[in-house]
**Q** 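My structure is below; once you've seen it, I'll send some questions.
Order of the sequence lines fixes the chain letters, A, B, ..., with proteins taken first and strands second; residue numbering starts at 1 for each chain.
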Amino acid sequence: MAAALQSLLERSPLVWRGGAPAAVARPSVPTGFAQLDRLLPGGGWPGGALTELIAEDEGIGEVSLFGPALARLSVEDERWIAFVAPPHFLYAPALANLGIDLARIVLIRPTRPQETLWAAEQTLRSGAASAMLAWLPAPNERSLRKLSLAAETGRAMGVYFPAAQAMRHATPAALRLRLAARDGKSLLTITKRRGGGECAPLPLDLRTR
Amino acid sequence: MLWLAVHFPALALEVFPGAAQASTPFAVATRRERGEILIANACAARAGVATGMPVSAACTLAPQLAVRPHDAGAERRALEGAALWAGQFTPLVSLRAQRCALLAEIGGGLKLFGGLDALLARVRTGLKELGYEALLACAPAPAAAELLAHAGFELALDTCEAMRTQINRLPLGCLDVSSETIAALAALGLRTLGECLALPADGLARRFGPALVDQLRRALGEMPDPQPPFTPPERYAGKLALPAPAETVEGLGFGLQRMLGELCGLLATRNLGATAFALALGHEDHPATRIGLKLSVPSRDAQHLLALARERLARIELPGRVTELGVALESSAQLAPRLFSLFGKSEGSAESRAQLIERLRARLGEAAVCGLQLIPDHRPELAFREAEPASGQNGAAAGELRRPDASRPSRPLWLVQPPHPLAERGGTPWLAGPLALDAGPERIASGWWDGHDVRRDYFVARTARGARVWVYREASGWFLHGLFA
């Protein structure tokens, strides 16, 4: 009995025991920060799923946080890295400084806000993008669920930055993060991860080159 | 030789795309003064409208019935379109416009398409996508296949013996002769072709003319029966009349799907892919709306072309109701040879990446999707440009991870363009509080030769809330130029 139980606990990804990060079915993308990888199920950003990042302020490293992962994807995966509706000009020399191959970058700037969700979903679902970062004006749970399914279908790493008023919504994102600036460093708080409770905020050095 | 006959029993109805599936009653009638219903759609049939009924009676049964006159020209065009599409399976396709049928020699390509069953399944699903109901029959003689399909015997016969047995069983009604001849044969007590064939041939020829005997002999494969090949036109240009004027672009789906399917069949025949095609929407009282679509990578994927056309149509405002729909191929190119990877890594291929860009552009507009490229210029706002996606090669060897280069000066991910002027208080720049200068100055002085003169000292600064920003000072004061996102 005990042996059977043990083997069930070890093998089935559906059974999760408190305290340990859940096993993941999809390969994750290493974040490039060893301390952070240890806290995330699968040891990296969830692949084929959504990640939500709420930044307290602009300019605190909210995009650079994903820089090492994007750099890795840009050389290991032939597919696009898409930026959907970024709030400012995406500055190419900074991407190059992060080690991201510009040949993989696609910039998508819909003129109407309702097209942003459509473009994000198309990009994730197509299977032609390895990662997508989207700035969503007013995501609701239903549209996020569509995005989440699309990311799974297209095996893409989807990251979205919701507008501030959308923070209290429930979300199907596999990972929810908050980023704040403290004493010259960025403080990352994981508010939701698959198979894991809260953990202490993690200070990260996100000063980009 | 193995001939495939495709008979379209409802062609008169199906030349109007979507009419057969419509939820409103629709029928096609003869062109005579007191027309008779030739064929009605399922909705009209439920109301009791039947073939042979006078139009006036049908209109009483179904008051909303839309009746269109029988259009032989449109039927001929529909058959030609289907023949274009069928060209992808065989080089020899022949039209039998009088009998609403196509003949195609498929014996030569069976292996290529994975056997007879697989080929027939492909033809069947393909015709369904084009919006046609079809009866398929195969036989070694073209006339036999045609008779079988016409009689509704969907058989695939590959030997002459089996063909003769089946031909003998066919009813007289499926013969391509006048109804008087059939009545005369029936008056003799004959019911099947077999009974006809049992009679002495010379007597039959004397009484009913040699054409009947020739037809029977061709059906048995005893007489040469050359088929005139259908020659596809140089350029595809399809046109369809809609069953009812469409108010919205959703009503165009059936027609678009059929014509793009035909177009892709023609492209497959020539081993080409479309690089540009045009849609023409005919209106009742406006000049036609013409919409051009361009593809960056040649494609003959009907689903992809359809998705592009739909996205583009969703963006336009119709000036009036659409009565007619046209699709024309404008340019085509050789398809890039498909490289089969050893490990079957087909997802994320160059083709699917190009398709994503095209689909996004069709809906969002050409300028909304771009890539980035570096330009060797010291002035920050001129050091990059927006370019075609995937044109910004940064020269890294494939598979080699470039380490972030610490020797390069810091650059922010967000560029604030145009630079935002900052107030200065007590000698320090001010952005909702004093800015603390962390690094700098980095002097950039360039461009005196092209009129865009820049003389700036750049600093990495920190706001009171902890955000890192990129600011510069020049003769006219402080400016915010970037955010280290």
**Q** Below 4.5 Å, heavy atoms only, C-beta onward: do Val106(A) and Leu356(B) meet side chain to side chain?
**A** no

**Q** Counting C-beta onward and ignoring hydrogens, is there a side-chain heavy-atom pair between Leu95(A) and Leu413(B) closer than 4.5 Å?
**A** yes

**Q** More than 12 heavy atoms of other residues, nucleotides or ligands under 6.0 Å from CZ of Arg443(B): yes or no?
**A** no

**Q** Specify which of Lys185(A), Glu56(A), Arg109(A) makes the most heavy-atom pairs with chain B at under 4.5 Å.
**A** Arg109(A)

**Q** Within this structure, what is the CG-CG distance for the pair Leu374(B) and Leu102(A), rounded to the nearest 0.5 Å?
**A** 5.0 Å

**Q** In Å and rounded to the nearest 0.5 Å, what is the CG to CZ distance from Asn97(A) to Arg411(B)?
**A** 7.5 Å

**Q** Among Ala180(A), Ala129(A), Ser186(A), Pro87(A), single out the residue with the greatest number of heavy-atom pairs under 4.5 Å to chain B.
**A** Pro87(A)

**Q** Of all of Ile375(B), Leu483(B), Leu364(B), which one pairs up most often with chain A through heavy atoms under 4.5 Å apart?
**A** Leu364(B)

**Q** Quick one: what part of Glu386(B) sits under 4.5 Å from any heavy atom of chain A, side chain, backbone, both or neither?
**A** side chain

**Q** To check you understand the geometry: which heavy-atom pair defines the closest contact between Pro412(B) and Ala94(A), and what is its length?
**A** O-CB, 3.2 Å

**Q** Should the ring pair Tyr91(A) and Phe384(B) be called parallel, tilted or perpendicular, given that the plane angle runs from 0 to 90° and is split at 30 and 60?
**A** perpendicular

**Q** Is His378(B) atom NE2 crowded by more than 12 heavy atoms from other residues, nucleotides or ligands, each under 6.0 Å away?
**A** no

**Q** Heavy-atom pairs under 4.5 Å with chain A - which of Glu311(B), Arg361(B), Glu381(B) has more of them than the others?
**A** Glu311(B)

**Q** Relative to chain A, which of Arg462(B), Gln417(B), Arg363(B), Arg465(B) shows the most heavy atom pairs under 4.5 Å?
**A** Arg363(B)

**Q** Which bit of Val469(B) is near chain A, if near means a heavy-atom gap under 4.5 Å: side chain, backbone, both or neither?
**A** neither

**Q** Does a sphere of radius 6.0 Å around CZ in Arg379(B) hold more than 12 heavy atoms from other residues, nucleotides or ligands, not counting ones at 6.0 Å or beyond?
**A** yes

**Q** Just how far is it from atom CG of Leu360(B) to atom CH2 of Trp118(A), taken to the nearest 0.5 Å?
**A** 5.0 Å

**Q** For chain B, find which of Ala92(A), Ala181(A), Pro110(A) contributes the most heavy-atom pairs closer than 4.5 angstrom.
**A** Ala92(A)

**Q** Let's test your reading of the structure: which of Ala354(B), Cys370(B), Gly482(B) forms the most heavy-atom pairs below 4.5 Å with chain A?
**A** Cys370(B)

**Q** Where does the angle between the aromatic ring planes of Trp135(A) and Trp414(B) fall among parallel (under 30°), tilted (30 to 60°) and perpendicular (over 60°)?
**A** perpendicular

**Q** Tell me, side chain or backbone of Thr123(A) under 4.5 Å from chain B's heavy atoms, or both, or neither?
**A** both

**Q** Any idea which of Ala467(B), Gly466(B), Gly365(B), Ala367(B) has the most non-hydrogen atom pairs under 4.5 angstrom with chain A?
**A** Ala467(B)

**Q** So, Glu78(A) and Arg353(B), do they make that salt bridge, N to O below 4.0 Å?
**A** yes

